[in-house]
Amino acid sequence: MGQKSSLPLDAVDGFTAEEVMRLEKRFRKLDLDHSGSISAQEFLSLPELKDNPLVKRVVSVFDKDQSGELDFKEFVQGLAMFAVKTTEREKKLKFLFSIYDLDADGFISNEELFTVLKMMVGNNLKDKQLQQIVDKTILALDKDEDGMINYQEFCDIIGEGVPEEDDVTTALSIPVPRI
């Protein structure tokens with residue numbers, strides 16, 4: 001590994017040493033400029049991600065040091081959120097919440113929800129239509145009537161009617177790719 005951002009092979013719960021080695025190979029292939037970190041643009045070089053409107057946002061959430069790029073440690077810890085089936089439901093829910101909580105203040109505001117949904121729908125809806133959806137969503141989820149969605153309100157709607165063992169966060173599980 002040799003870079004300061006490298007992890008010991010057993011540093012991430014849920015990954016075997018072999019999987020961490022495969023992830024490091026994948027990381028090096030994604031690091032197109034050989035800088036030791038991966039930018040959102042480098043992620044977008046993957047055909048399966050190039051059309052995903054949330055890639056930049058996900059990279060931003062994984063980027064714990066806010067450098068604008070992911071080092072190997074951030075990359076592996078971020079992938080663990082998706083690839084490790086044993087990742088706790090709570091961690092996955094916090095990750096999902098953080099996708100919408102752009103300023104990391106613990107609340108999803110009307111503006112934040114609009115911004116993230118706009119990333120998803122692009123120009124398929126007019127801003128006025130999207131704003132109506134956002135307003136209705138905030139009204140429906142905002143139980144304490146503060147004009148924002150807090151983490152508990154978010155969890156209540158995500159988990160509503162879904163058994164714990166079959167919760168929606170299992171959709172965040174992916175296999176570690178073979179290299």
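Considering all non-hydrogen atoms of both residues, E112 and D103 come closest at OE2-OD1, 2.8 Å. The two residues I138 and G147 come nearest to each other via the heavy atoms CG2-O, 3.6 Å. D63 approaches Q66 most closely through the heavy-atom pair O-NE2, 2.7 Å. For the pair F72 and V20, the tightest heavy-atom approach, listed with the atom from each and the gap, is CZ-O, 3.9 Å. Nearest heavy-atom pair across E69 and S35 is OE1-OG, 3.9 Å. For the residue pair L30 and E42, the shortest heavy atom distance occurs at O-CB, 3.3 Å.
Cluster annotation: V116 and L93 are assigned to the same hydrophobic cluster (Ile/Leu/Val/Met/Phe/Trp/Tyr, side-chain heavy-atom contacts under 4.5 Å, transitive). Following chains of ILVMFWY side-chain contacts shorter than 4.5 Å, one can reach I157 starting from L117, so the two form part of one hydrophobic cluster.
Side-chain contact between F75 and V59 is absent, with no heavy-atom pair separated by less than 4.5 Å. In this structure the side chain of I133 never reaches within 4.5 angstrom of the side chain of F114, judged on heavy atoms. At least one side-chain heavy atom of K56 sits under 4.5 Å from a side-chain heavy atom of Q41. At least one side-chain heavy atom of S45 sits under 4.5 Å from a side-chain heavy atom of L32. For the pair E74 and D71, the minimum side-chain heavy-atom distance is below 4.5 Å.
The aromatic rings of Y100 and F154 are tilted relative to each other, their planes meeting at an angle between 30° and 60°.
Within the 3.5 Å criterion, the main-chain N or O of D105 finds a donor-acceptor partner in the side chain of D101. In this structure, D31 contributes its side chain and G36 its backbone to a donor-acceptor pair below 3.5 Å. Proximity of a side-chain donor or acceptor of R57 to a complementary backbone N or O of S98 within less than 3.5 Å is detected.
Note that the CG atom of D65 and the CG atom of L70 stand 8.5 Å from one another [nearest 0.5 Å]. With rounding to the nearest 0.5 Å, the separation of CD in E111 from CG in L102 is 8.5 Å. Note that CG of L49 is 11.0 Å distant from CG of L54, once rounded to the nearest 0.5 Å. Interatomic distance, L130 CG to M120 CE, rounded to the nearest 0.5 Å: 10.0 Å. Separation of atoms CD (Q132) and NZ (K136) is listed at 6.5 Å; rounding is to 0.5 Å.
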**Item:** R26 and L46: CA distance, side-chain angles, deciding distance, side chain to side chain contact (heavy atoms under 4.5 Å, CB included) verdict
**Value:** CA-CA 11 Å; R26 182 67 166 195; L46 289 170; 3.4 Å; yes
**Request:** Quick one: do I108 and M148 satisfy side chain to side chain contact (heavy atoms under 4.5 Å, CB included)? Show the steps, please.
**Result:** CA-CA 6 Å; I108 301 169; M148 297 182 283; over 6 Å; no
**Request:** I would like to know whether M21 and K25 meet side chain to side chain contact (heavy atoms under 4.5 Å, CB included); could you show each step before the answer?
**Result:** CA-CA 6 Å; M21 289 185 337; K25 285 181 187 176; 5.8 Å; no
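Side chains of Q131 and N110: a donor-acceptor N/O pair is present below 3.5 angstrom, by distance only.
With F107 as the partner, the side chain to side chain contact (heavy atoms under 4.5 Å, CB included) test is satisfied by one option alone out of I149, N150, D142: N150. Applying the side chain to side chain contact (heavy atoms under 4.5 Å, CB included) test between K118 and each of L113, V134, N123, L125 identifies N123 as the sole match.
For F62 and F95, the distance between ring centers is under 6.0 angstrom.
Counting non-hydrogen atoms of neighbouring residues, nucleotides and ligands closer than 6.0 angstrom, the CD atom of Q152 exceeds 12 such neighbours.
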